[in-house]
2 protein chains.
Amino acid sequence: MIARSELKKELINAGIRPSVQRLAIYEYVKTNRTHPTADVVYDALRDELGSLSLTTVYNTLKLFVDAGLVQLLSIDDTFRCFDGDTTSHAHFRCDSCGKIVDLKIKNDFLAMVDGLDGFEIKEAQLYLKGICPICKRKN
Amino acid sequence: MIARSELKKELINAGIRPSVQRLAIYEYVKTNRTHPTADVVYDALRDELGSLSLTTVYNTLKLFVDAGLVQLLSIDDTFRCFDGDTTSHAHFRCDSCGKIVDLKIKNDFLAMVDGLDGFEIKEAQLYLKGICPICKRKN
DNA sequence: TTTTATATTTGCAATGATTTCAGAAATGAA
DNA sequence: TTCATTTCTGAAATCATTGCAAATATAAAA
């Protein structure tokens, strides 16, 4: 759990004015490490905030991603997820329950790849898919 | 370049009846390693085949992916690409020109990740994004 | 405090890739 | 050929995301 005042500072340092909506969305993404979609964030916050627009959630999350405060995950074809943890790690998505799990990696992503001379790499994502331990036990 | 008769056999072995449309789509994806979208395949083949439906291209590519003959790439948020090469390799997508490039990997993907006990992994994708050497030179 | 300018939010409409669906065409078996 | 099954077609539907213009909130200036 991170203090609101700390989160506020992070936004300001990134050049983002901490409006009520932005701070609430930022707090949600940094506190809940469940890799939520914009829609999930919207549903979770519309009560807390008097009014909230889904458009605002989309715009704000995009703002955070562009500022490097939040990671965008495209592990699912049909919708985008967001990850408040911007450190380098892999993701697993369970085909059965849909849950997304963080995984530690042994080396930097780029150390795994050959032939990168001349490329400027800005982003790297390792996505694994299959069946998670919990779903596997159920079968 | 692979012979049509060979491609036909591959489809039959996978339990897929090699209709005119399916064979043409399969040949396109196995010959052109440009990671095309369904729409690109459709545009490329609609002349060759007298008539072709975009729906057929979507359905057929999905059929190939489910049969393990073709890889589905979700490296771009807004559309899906297909890769006739099903061997394990990474992909780079240039933010400037949009081109997708194949990259060799040093180890198996799973050797890079910790804490996979109990997980059943069916698929692994490493996506890199940034600026490709050609676009870098242009700037 | 009031005025003014600017930044942010809102909600609805539009977009566009993908899927659904029902009928038409092709194929294989009898 | 006839019948049954599979495949293809094209138009309509879906749904996550974005565009846009009006409404609201915030900060600066007076």
Task: pair A/Thr60-A/Gln21: side-chain heavy atoms closer than 4.5 Å - done: no
Open item on the list: Counting C-beta onward and ignoring hydrogens, is there a side-chain heavy-atom pair between A/Met112 and B/Ile105 closer than 4.5 Å?
Closed with: no
Open item on the list: If you go through the side-chain atoms of A/Thr55, does one of them form a donor-acceptor pair with the base of C/dC12 closer than 3.5 Å?
Closed with: yes
TODO: Describe the nucleic acid contact of B/Thr37 in one word from base, sugar-phosphate, nothing, applying a heavy-atom distance below 4.0 Å.
DONE: nothing
- [ ] Let me know the distance between CG of B/Asp77 and P of D/dT18, rounded to the nearest Å.
- [x] 8 Å
Open item on the list: Just the rounded figure in Å: distance from P of C/dT18 to CG of B/Leu73.
Closed with: 12 Å
TODO: Scan A/Ser19 against the nucleic acid and name what it touches under 4.0 Å (heavy atoms): base, sugar-phosphate only, or nothing.
DONE: sugar-phosphate
Task: side-chain N/O A/Tyr58 vs D/dT18 OP1/OP2, d < 4.0 Å - done: no
Task: For A/Ala44 against A/Tyr28, the heavy-atom pair lying closest together - done: CB-CE1, 3.4 Å
- [ ] Take atom CG of B/Leu54 and atom P of D/dT9, then tell me their distance rounded to the nearest Å.
- [x] 11 Å
Open item on the list: Does A/Phe79 reach a base, just sugar-phosphate, or nothing at all? Heavy atoms under 4.0 Å.
Closed with: sugar-phosphate
Open item on the list: From the set C/dT10, D/dC8, D/dG10, return the single nucleotide nearest to any side-chain atom of B/Ser53.
Closed with: D/dG10
Task: Nucleotide C/dT18, atom P - distance to CG of B/Asn59 in whole Å - done: 13 Å
Open item on the list: Rounded to whole Å, please give me the gap between CG in B/Leu52 and P in D/dT7.
Closed with: 16 Å
Task: Interatomic distance where CG belongs to B/Leu49 and C1' belongs to C/dA25 [whole Å] - done: 15 Å
- [ ] Could you tell me whether the side chains of A/Asp85 and A/Thr87 share a donor-acceptor contact shorter than 3.5 Å?
- [x] yes
Open item on the list: With a 4.0 Å limit, can you tell me whether B/Arg80 has a side-chain N or O closer than that to the phosphate oxygens OP1/OP2 of C/dA17?
Closed with: no
TODO: Would you mind reading off the distance between A/Leu61 atom CG and D/dA16 atom P, rounded to a whole angstrom?
DONE: 15 Å
Task: Closest listed nucleotide, where the reference is the side chain of B/Arg17 and the choices are C/dC21, D/dT6, C/dT10 - done: D/dT6
- [ ] Please state whether the phosphate of C/dT10, meaning OP1 or OP2, lies under 4.0 angstrom from any side-chain nitrogen or oxygen of A/Gln21.
- [x] yes
Task: Within residues 110-138 of chain B or reaching into it, pairs that qualify as ring pair (Phe, Tyr, Trp, His ring centres under 6.0 Å) - sequence neighbours excluded - done: A/Phe92-B/Phe119, A/Tyr127-B/Tyr127
Task: Spacing between A/Ile16 atom CD1 and C/dT8 atom P, to the nearest angstrom - done: 9 Å
